[in-house]
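Note that ligands are numbered from 1 as they come in the structure, with each ligand's atoms numbered from 1 the same way. It should be emphasised that the depicted structure is a prediction, and the values quoted were computed from it without experimental measurement.
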Amino acid sequence: LARLRARLVKSNNALGKGLLALLSQDKIDDDVWDEIEETLLLADLGAEATSELVDRLRERVTVEGLRDAGAVRSMLREELTLLIDPTVDRSVASERREDRPAVVMVVGVNGVGKTTTIGKMARVFVAEDKDVLLGAADTFRAAAAEQLATWGSRVGVPTVRSFEDGADPASVAYEAVKSGIEGEVDVVMVDTAGRLQNKVGLMDELGKIKRVIEKQAQVDEVLLVLDATTGQNGLNQAKVFSEAVNVTGIVLTKLDGTAKGGIVVAIQRQLGVPVKLVGLGEGADDLAPFEVNDFVDALLD
Ligand code: GDP
């Protein structure tokens, strides 16, 4: 965890340091406020959150006359925390229900880190002594099921897959959940396709997978995986997905590779969906729950 925190700090240092330096100047005139605004926009906070934050900071600086570094830091900490909202429930459903496993569907564009995230999550659940089953419902790419199964064996959990080319993804998902119910496992995670070249086809497919799973068990969680380095583009993808399936949480990957951590704020506000997990590297342990306080501390450290 300390290692992950260090990575988060490193990736977000520029934003925090920039803001602290700007706000600690003797005279904060309009030019400085413009620079603050620019810093926030560059960190991918989004226009709406940026202007709200700048307004609040301006008001507080005027009213409270803050100058010393400590006071500025605690003001920033408070305002950023409020902006990201510490009251949101960010837990991921992984507890077995009365007579069925928790079912988690994982969606997102190819290359964002879906399969890797499933592997990392499976590892966390296994460490919590849970029985996990993976379903390889990305039947479009031959390599996808293989990659998921490789992660499965790496963390010691079975993968339900089809060896037939172009098998029906919904029926693979159905079979996975069926085995999960029969095997009385705690959680089934279903990987899905992410080819955005055929948007309508993909969205229909995801909707169908969900409906077919729900013939046997409720889908408790639909996690949308987004690559933090793609910024506003990721947000546009998110909108497409959330129209097709009811997204319950975001996993923001590759946060180790960007200084644009502000995207967390933009996503949550524009989609109304909480960021639940963050990916901080390619390794099996490089996944962390999204904690508002840790995140804000990382920004300001
Ligand atoms: P998928 O196509 O969405 O299933 O994506 P993959 O799981 O195959 O991941 C695509 C690439 O992103 C792989 O090289 C992963 O190792 C890498 N990746 C996934 N998550 C992270 C992360 O949090 N940080 C970094 N740096 N790389 C990641």
Within ligand 1, which atoms have a heavy atom of [X] less than 4.0 Å away?
{"X": "Q147", "value": "6 (P), 7 (O), 8 (O)"}
{"X": "T116", "value": "6 (P), 7 (O), 9 (O), 15 (C), 19 (C)"}
{"X": "N110", "value": "2 (O)"}
{"X": "G279", "value": "23 (O)"}
{"X": "L280", "value": "23 (O)"}
{"X": "D256", "value": "22 (C), 23 (O), 24 (N), 25 (C), 26 (N)"}
{"X": "R141", "value": "2 (O)"}

Between [atom1] of [X] and [atom2] of [Y], what distance do you get to the nearest 0.5 Å?
{"X": "L20", "Y": "Q25", "atom1": "CG", "atom2": "CD", "value": "12.0 Å"}
{"X": "L40", "Y": "L80", "atom1": "CG", "atom2": "CG", "value": "8.0 Å"}
{"X": "L196", "Y": "F241", "atom1": "CG", "atom2": "CZ", "value": "5.5 Å"}
{"X": "M75", "Y": "R73", "atom1": "CE", "atom2": "CZ", "value": "12.0 Å"}
{"X": "K210", "Y": "Q218", "atom1": "NZ", "atom2": "CD", "value": "8.5 Å"}

So, T50 and E37: side-chain donor and acceptor under 3.5 Å apart, yes or no?
no

Are [X] and ligand 1 in contact, using a heavy-atom cut-off of under 4.0 Å?
{"X": "G111", "value": "yes"}
{"X": "G108", "value": "no"}
{"X": "V109", "value": "yes"}

Looking only at distances, please establish whether an N/O atom of ligand 1 is found under 3.5 Å from an N/O atom of [X].
{"X": "G281", "answer": "yes"}
{"X": "T253", "answer": "no"}
{"X": "E282", "answer": "yes"}
{"X": "T117", "answer": "no"}

Starting from [atom], what is the nearest protein heavy atom, named by residue and atom, and what distance separates them?
{"atom": "atom 5 (O) of ligand 1", "result": "G113 N, 3.0 Å"}
{"atom": "atom 20 (N) of ligand 1", "result": "K120 NZ, 3.9 Å"}
{"atom": "atom 4 (O) of ligand 1", "result": "T115 OG1, 2.7 Å"}
{"atom": "atom 18 (N) of ligand 1", "result": "K254 CE, 3.8 Å"}
{"atom": "atom 3 (O) of ligand 1", "result": "K114 N, 2.8 Å"}

Is there side-chain contact between [X] and [Y], with heavy atoms separated by less than 4.5 Å?
{"X": "E95", "Y": "D220", "value": "no"}
{"X": "R161", "Y": "E146", "value": "yes"}
{"X": "I250", "Y": "F290", "value": "no"}
{"X": "R141", "Y": "N110", "value": "yes"}

Within 45° cone and under 6.0 Å: R195 NZ/CZ vs F140 ring
yes

Residues 102-124 vs salt bridge (Lys or Arg N to Asp or Glu O under 4.0 Å), sequence neighbours excluded, gives R123-D285

